[in-house]
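The figures that follow rest on heavy atoms only: side chains count, while hydrogens, waters and symmetry mates do not. The chains referred to below are lettered A, B, ... by the order of the sequence lines, with proteins before strands, and numbering in each begins at 1.
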Amino acid sequence: MKITTWNINSVRLRLSSLARLITQVSPDIICLQETKVRDELFPVKDVEALGYPYQAISGMKGYNGVAILSKWPLIKIKTKVWCKKADCRHVFATINKKGVRPIEIHNFYVPAGGDIPDPEKNIKFAHKLQFLKEVAKWQESRRSSPSAQVLVGDLNIAPLPTDVWSHKQLLKEVSHTPVETKALEHLLLAGSWTDAVREIIPPEEPLFTWWSYRSKDYTKNNRGRRLDHIWITGTLKKHISEIDVFHATRGWEKPSDHVPVTITLAV
DNA sequence: ATGGTCGCTTGGCGA
């Protein structure tokens, strides 16, 4: 089972990129973030034609939006409201493929948090921390639920020193501040998750999934960050067969600033 | 230290 997560930054603008990704990676499940489209306008038919008839979508006009596209039936589709905002940042469902045990999959788009890493001065940063706190609390309360779970998404935090181009220079930048990386660690522990990507790619090795648009040539200084994650529960740990960060998309025409990350599970 | 670029919409916000 191949599961891909990708912050696509507008699903309508990048349908052809999605098609190209599918040709090259052929995932069973694709989790998108920043779809930026209301559900009524989601390109359901186009996505069906690409081979994904089962879709769990949660979108709004202009901002945010998440979607799970699947080759296999999705059951128990749900969304959650966090921080009392119905801002389409979390959709989850159970993958119900014949002959495979059900896997619950969570797709998150964590608030980016603005520019100033101080919750007193920056309401967006306060929102980000509150969001992580609420999700962690929820995870603690449902520890006994499905044993096979996957959590993916744009978590907007690069936790390890090797998840950013310069640990030292980014310690005061939103996405890599200690308060955020601690909050993410707390969430990871709260749900008893394993960082599947770092199980395969050694933590010593720099690894990025996002490069800012605000640079002429992203390859030149390689100033990236690992903001996109795949976490799994313990029972799936022994089934990881591959992790792929599909860097190529960042060099495509009209790229998203994030690249897809894929896990292959031998289930 | 600052500004740099996108996408959704057409002025300005969010990333």
Can you sort out the partners of A:Asp87 under side chain to side chain donor-acceptor pair (under 3.5 Å), two or more places apart, ordered by chain and number? A:Arg89

Which parts of residues 36-48 of chain A get close to DNA chain B, meaning a heavy atom less than 4.0 angstrom away? A:Lys36

Other ILVMFWY residues reachable from A:Ile123 by side-chain steps of under 4.5 Å: none

Residues in contact with DNA chain B, drawn from residues 4-13 of chain A - heavy-atom cutoff 4.0 Å: A:Asn9, A:Ser10, A:Leu13

Nearest to the side chain of A:Tyr63 - B:dT5, B:dG12, B:dA15? B:dG12

Of all residues at least two apart in sequence or in a different chain, which pass the side chain to side chain contact (heavy atoms under 4.5 Å, CB included) check with A:Lys172? none

Sorted by chain and number, sequence neighbours left out, ring pair (Phe, Tyr, Trp, His ring centres under 6.0 Å) with A:Phe108 holds for A:His90

Please give me every residue in residues 170-180 of chain A whose heavy atoms get under 4.0 Å of an atom in DNA chain B, ordered by residue number. none

Tell me every residue that passes side chain to side chain contact (heavy atoms under 4.5 Å, CB included) with A:Ala148, counting only those two or more places apart in sequence or in another chain. A:Arg101, A:Ile103, A:Thr235, A:Leu236

A:Phe125: hydrophobic cluster co-members (side-chain, 4.5 Å): A:Leu129, A:Val174, A:Val179

Which pairs, with at least one residue in residues 197-217 of chain A and sequence neighbours excluded, count as a side chain to side chain donor-acceptor pair (under 3.5 Å)? A:Asn9-A:Tyr213, A:Thr162-A:Arg198, A:Asp163-A:Arg198, A:Thr209-A:Asp228, A:Trp210-A:Asp257, A:Trp211-A:Asn222, A:Asp217-A:Thr219

For B:dG14 and A:Lys124 - does any side-chain N or O of the residue sit under 4.0 Å from the phosphate oxygens OP1/OP2? yes

Against the side chain of A:Arg14, the closest entry in B:dG14, B:dG4, B:dG7 is B:dG7

Can you list the residues that meet the side chain to side chain contact (heavy atoms under 4.5 Å, CB included) rule with A:Tyr52, with sequence neighbours excluded? A:Ile22, A:Pro27, A:Ile30, A:Val47, A:Leu50, A:Leu69, A:Lys71

Is A:Trp138 reachable from A:Val110 through a run of I, L, V, M, F, W or Y residues, each pair having side-chain heavy atoms under 4.5 Å apart? yes

Sequence neighbours excluded, the answer for side chain to side chain contact (heavy atoms under 4.5 Å, CB included) partners of A:Asp46 is A:Leu15, A:Pro43

